[in-house]
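Only a predicted model underlies this, so the values are computations on that prediction, with no experimental measurement involved. In what follows, chains carry the letters A, B, and so on, assigned in the order in which the sequence lines appear, proteins first and then strands, with residues in each chain numbered from 1.
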Amino acid sequence: MSGPNRLTGSSGPSTEACKLGPVDRVPPGEGKAFEIGGRRVAVFRTRGGELYATQAVCPHKGGPLADGVVGGGTVICPLHAYKYDLKSGQPLGNGCPALQTYRVELGAEGEMLLFTEPA
Amino acid sequence: MPTARSSREDAPSKIGLASLLKTLWGKQYDDERDARFINDRVHANIQKDGTFSVVPRIYGGVTTPAELKRIAEVAERHQVPMVKITGGQRIDLLGISKERLPEVWRDLGMPSGHAYTKAFRTCKTCVGTDFCRYGVGDSTALGIAIEKRFQGIESPHKMKLAAAGCPRNCSEATTKDLGAVAIEGGKWEVYIGGAAGSRVRKGDVLCVVDSHEDVLKHMGRFMQYYREHAKYLERTYDFVERVGIEKLRSVLIEDEEGIAARLDAEIQAAVDAYVDPWSREGAQPVHPAQFVREMKAEEPRLVPLRLVAGDRR
């Protein structure tokens, strides 16, 4: 998305994102739930330094995915061990619908930027 | 655990591997919080709605009016949705949100009951000799001693214990992971591998001893052997059947492999290393986000693309 830049007032390519704060708000290898304009998103920070974001709630029984175990590009829901691919949101070995995923990147200032347009 | 670049991280193995390494390496193990199940990151048991349950330690299930009043006051102050007496003779405060956990622990002023982890859980007791007309052994004193010694000892799966003051077995010690039953002559039978859950199995008698100290010694020795040899999530009743009671008696009682003294020393080291996680992390979280249920983000707004460093995925 392009348009005038509300941060600087200058024009140029820009996109709608929200700042989630410094990357170390999420402990390494873990996830954290964020409330973003009424939307609940789980942000994951892998041991390898990658960031992923998915819907916060497991489609199976509503488990908090941010409290899950993360590894090998997957998250395991803490309630019933349902597993999902973090990048695609696809269920792994279960019949649940895929998770909504979001683009999340590290900004130039070292903070996490989450793009609210679905990835 | 050093991360080898060439190896592939396997999420389902992380917790079991961390559990094994912690047992084998003790203080040398470099704790990685993400290799813990959520229960062990926040020292409480996650419930179906994402809240947690809090079970304070009540040694041997013996409490006092003052302690009960304090628990009741905490439950009222924090509007705890359910207060439940557990099967292990404990009081469970259910429906506590993650952020509230440290405050609830501080208000209780009691140690963690470890009702959330793969570890020594509880030692249930019957009334024993103090009041019971039939008791032949002081099961409450023994149960309290067992619990003070083994609280927080981690293992491949949970360990639920009991001490019974006579063979009527009111505390159901014969169907616990470890149990002690008083018999005539001032003796105690030490049972291992009992179960009364999804499977029902009467435990096997490991040995018969004549003092509380010897019950503690043999229970500790079995626990250490179980910690070292069981598969992750293998309960004692499966482990005892797999290894066989004869083999266990020969290793743990007759000491045919000459490892009994080492097992005793290892379990002693684990006992000595115990720290109540509620008092430690309730006062000083390991990470600022440890007890944060949900973080606030700034409202979405337009950011210039040049601020984005690049795709990290």
Determine, for Lys22(B) against Glu154(B), whether the closest basic-nitrogen to carboxylate-oxygen distance falls under 4.0 angstrom.
yes
Given Glu147(B), which partner from the list Arg90(B), Lys124(B), Arg121(B) fulfils the salt bridge (charged side-chain N to carboxylate O under 4.0 Å, His left out) test?
Arg90(B)
Determine, stepwise, if the pair Glu294(B) / Lys32(A) fulfils salt bridge (charged side-chain N to carboxylate O under 4.0 Å, His left out).
CA-CA 7 Å; Glu294(B) 193 168 79; Lys32(A) 269 295 147 197; over 6 Å; no
Kindly say whether the aromatic ring centers of Tyr52(A) and Phe44(A) come within a distance under 6.0 Å.
no
Flag, side chain of Lys14(B) to backbone of Val70(A), donor-acceptor distance under 3.5 Å
yes
Which members of residues 74-81 of chain A, sorted by number, sit under 4.5 angstrom from chain B on a heavy-atom basis?
Thr74(A), Ile76(A), Pro78(A), Leu79(A)
What distance separates Thr101(A) OG1 from Gln90(A) CD, expressed to the nearest 0.5 Å?
9.5 Å
Between Arg242(B) and Glu234(B), is there a side-chain N and carboxylate O pair less than 4.0 Å apart?
yes
Intermediate values then yes/no, side chain to side chain donor-acceptor pair (under 3.5 Å), Asp107(B) and His78(B):
CA-CA 10 Å; Asp107(B) 289 354; His78(B) 294 276; 2.8 Å; yes
If you tally heavy-atom pairs under 4.5 Å between each of Val292(B), Ile15(B), Asp34(B) and chain A, the highest tally belongs to Asp34(B)
State whether Asp177(B) and Lys158(B) are salt-bridged, where the test is any N-O pair (Lys NZ or Arg NE/NH1/NH2 against Asp/Glu carboxylate O) under 4.0 Å.
no
Please rank Arg33(B), Arg293(B), Met295(B) by heavy-atom pairs under 4.5 Å with chain A and give me the top one.
Met295(B)
Positions in residues 37-54 of chain B that reach chain A, provided some heavy atom is under 4.5 Å away:
Phe37(B), Ile38(B), Arg41(B), Ile46(B), Gln47(B), Lys48(B), Gly50(B), Phe52(B)
Can you check whether Leu93(B) reaches Val55(B) side chain to side chain, under 4.5 Å on heavy atoms?
no
Using the salt bridge (Lys or Arg N to Asp or Glu O under 4.0 Å) criterion, which residues pair with Lys83(A)? Sequence neighbours excluded.
none
Would you name the heavy atoms of His287(B) and Arg25(A) that are closest together and state the gap between them?
CE1-O, 3.5 Å
At their closest point, which heavy atom of Leu161(B) faces which heavy atom of Lys176(B), and how far apart are they?
C-CG, 3.9 Å
Looking at Gly37(A), Gly71(A), Gly21(A), which has the largest count of heavy-atom pairs under 4.5 Å with chain B?
Gly71(A)
Looking at every heavy atom in both Tyr237(B) and Gly194(B), which two are closest together, and how far apart are they?
CD2-O, 3.6 Å
Neighbours of chain A found in residues 274-282 of chain B - heavy atoms under 4.5 Å
none
Measure Val69(A) against the heavy atoms of chain B and call it side chain, backbone, both or neither at under 4.5 Å.
both
Chain B shares the most heavy-atom pairs under 4.5 Å, among Glu30(A), Arg40(A), Glu111(A), with Glu30(A)
Would Arg103(A) pass as a cation-pi partner of Phe115(A), given that its NZ or CZ must be under 6.0 Å from the six-membered ring centre and within 45 degrees of the axis?
yes
